[in-house]
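Presented below is the structure to which this report refers.
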Number of protein chains: 2
Amino acid sequence: MSTSSPDRAVDRLEDRLSRLPLRERKKLRTRRAIQDHALRLFAEQGYDATTVEQIAAAAEISPSTFFRYFPTKEDVVVTDEYDPIMAQVIREQPAELSAIDALRAMLREVLPQAFTTDMETIKTRLRLTAEVPALRARTFESMRNTFELLSEAISERTGRAPDDPEVEAFGWAVLGVMQAAMNRLMDGKATYEELPDLLDHYLEFLGRGCPV
Amino acid sequence: MSTSSPDRAVDRLEDRLSRLPLRERKKLRTRRAIQDHALRLFAEQGYDATTVEQIAAAAEISPSTFFRYFPTKEDVVVTDEYDPIMAQVIREQPAELSAIDALRAMLREVLPQAFTTDMETIKTRLRLTAEVPALRARTFESMRNTFELLSEAISERTGRAPDDPEVEAFGWAVLGVMQAAMNRLMDGKATYEELPDLLDHYLEFLGRGCPV
DNA sequence: CTATCTTTTGAGAGTTACTCTCATTTCATA
DNA sequence: TATGAAATGAGAGTAACTCTCAAAAGATAG
């Protein structure tokens, strides 16, 4: 299995950081500081028990500045950078693969890579998302973003319009089975090691018409 | 197409109201008053521009009491009573139908019924859900409830465990295509008249393995 | 019908996420 | 080094929720 594509996709992101005007680099550093301190405090004290004021103090900024970087406290946990990478890797799959097989190949590439580089953050975020109602709710908004990128990539591969009714149904069905897998993970009915296989199985199951 | 089942299911709900201790009946009346006034005010002034204080004043209760009936302002819009009815109607379908066909039959029964009795409320709720980010987010929590009832009903029909991995994947895939249909409705790409056919087509499409 | 017990309600104070405004500082450019 | 633009901090304000406690309303026994 090729491992170079997601590396490249990630590298492209990291690369951009270094050769940026000072101002922009400082902003990115501040953003990351906020997120790191926030996740640490959430893990230590719990989400609700941690105030924005505390996060701002830990990151050495003012509360006003916090809200300039993250419109809500929830965004600190919910915002991630994987969606564009996943969309990109879908596009890089051979054209002869079906949409479902392209998705399966993408996940087999991206998941191990993400787990290797960011396991701790991923675990913290998933645990918070499972436990805090406000964060669970926000998940849906981020699914809508994922849907946009996903249906765009699918549309390109299949030559159908991005707002084709069946493309949209397919996109949401895929997000559905992904959510099913995430829920099993959050409920402790599956482990992180099993996740790639579970997702693969779910997509194949979807392609067979969900025979139950 | 049978029309008696959803009538009975609804009737059973309405029936209970009449022969209830005074206290309970008053509570239900208060609850409905809050919801009616809230939806009216939201429609007139917008969701964000309407405060809980205004709703409480309109319903002639105190703000404290508002939060005893609805834990959050969002719940007033998001809470609905259709899920148990839908689960019940799924159970009433002939055993020889596949899970997907049972769902299709259920929707052909329940949707017209719901549209006939509650069209105004449904439209208001859907429009608010489309427009207000906080409400969009909350949709996901109510999907989780729907999932519980749905997977329970599917599990009974198929004889598989409710937490069987494939039952869960199927349930979320179904919720996915339903969400796809709702989104088309909210985006103005489909009408309420077309919704039953669209949903029917989506479920059939799902049963064919989503060939895109 | 009265008295008691339980449940529901209202009033009010407190917390915190989030918004807005304006003065100040920090960085970019000539 | 001076000038303009963008980022920051400080502070005041709003509104959704939480908690506590006393008053009111409904249920129940005598």
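Chain A is the first sequence line, chain B the second, and so forth, proteins listed ahead of strands; every chain is numbered from 1.
The nearest whole Å value for the distance from the CD1 atom in A:Ile61 to the C1' atom in D:dG9 is 11 Å. At whole-Å resolution of the value, CD in A:Gln54 and P in C:dT15 are 14 Å apart. Whole-Å rounding puts the A:Arg31 CZ to D:dT8 C1' distance at 17 Å.
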Indicate every side-chain donor-acceptor pair of residues 193-200 of chain B with a distance under 3.5 Å to a residue at least two apart or in another chain.
unit_1, atom_1, unit_2, atom_2, d
B:Glu193, OE1, B:Thr191, OG1, 3.4
B:Glu194, OE1, B:Thr191, N, 3.0
B:Asp200, OD1, B:Arg104, NE, 3.1
B:Asp200, OD1, B:Arg108, NH1, 2.9
B:Asp200, OD2, B:Arg104, NH2, 3.0

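Applying the side-chain hydrogen bond (donor to acceptor under 3.5 Å, both in side chains) criterion to B:Lys27, with sequence neighbours excluded, gives no partner residue. Partners of B:Glu148 by side-chain hydrogen bond (donor to acceptor under 3.5 Å, both in side chains), not counting sequence neighbours: none found. Residues meeting the side-chain contact (heavy atoms from CB on, under 4.5 Å) test with A:Thr116, sequence neighbours left out: none. By the side-chain hydrogen bond (donor to acceptor under 3.5 Å, both in side chains) test, B:Glu44 is found to be paired with B:Arg40, residues two or more places apart in sequence or in another chain being considered. For A:Asp80, there are no side-chain hydrogen bond (donor to acceptor under 3.5 Å, both in side chains) partners, not counting sequence neighbours.
Electrostatic pairing of A:Asp163 and B:Arg184 does not count as a salt bridge here, judged by no charged N lying under 4.0 Å from a carboxylate O.
For residues 111-124 of chain B, no residue pair satisfies the salt bridge (Lys or Arg N to Asp or Glu O under 4.0 Å) rule, not counting sequence neighbours.
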Annotated protein contacts, base or backbone, on nucleotides 18-30 of chain C with a non-hydrogen cut-off under 4.0 Å, one of B, S, - each: BB------BBS--
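For the pair B:Glu53 and A:Thr30, nearest-nucleotide mapping onto DNA chain D gives the more 5' position to A:Thr30.
Note on B:Tyr69: a side-chain N or O is less than 4.0 Å away from OP1 or OP2 of C:dT9. Considering only side-chain N and O atoms, A:Thr65 lies under 4.0 angstrom from the phosphate OP1 or OP2 of D:dG9.
Heavy-atom distances under 4.0 Å link DNA chain D to B:Thr50, B:Thr51 of residues 38-51 of chain B, given in residue order.
When heavy atoms are screened at a 4.0 angstrom cut-off, B:Phe70 is found touching no nucleic acid atom at all.
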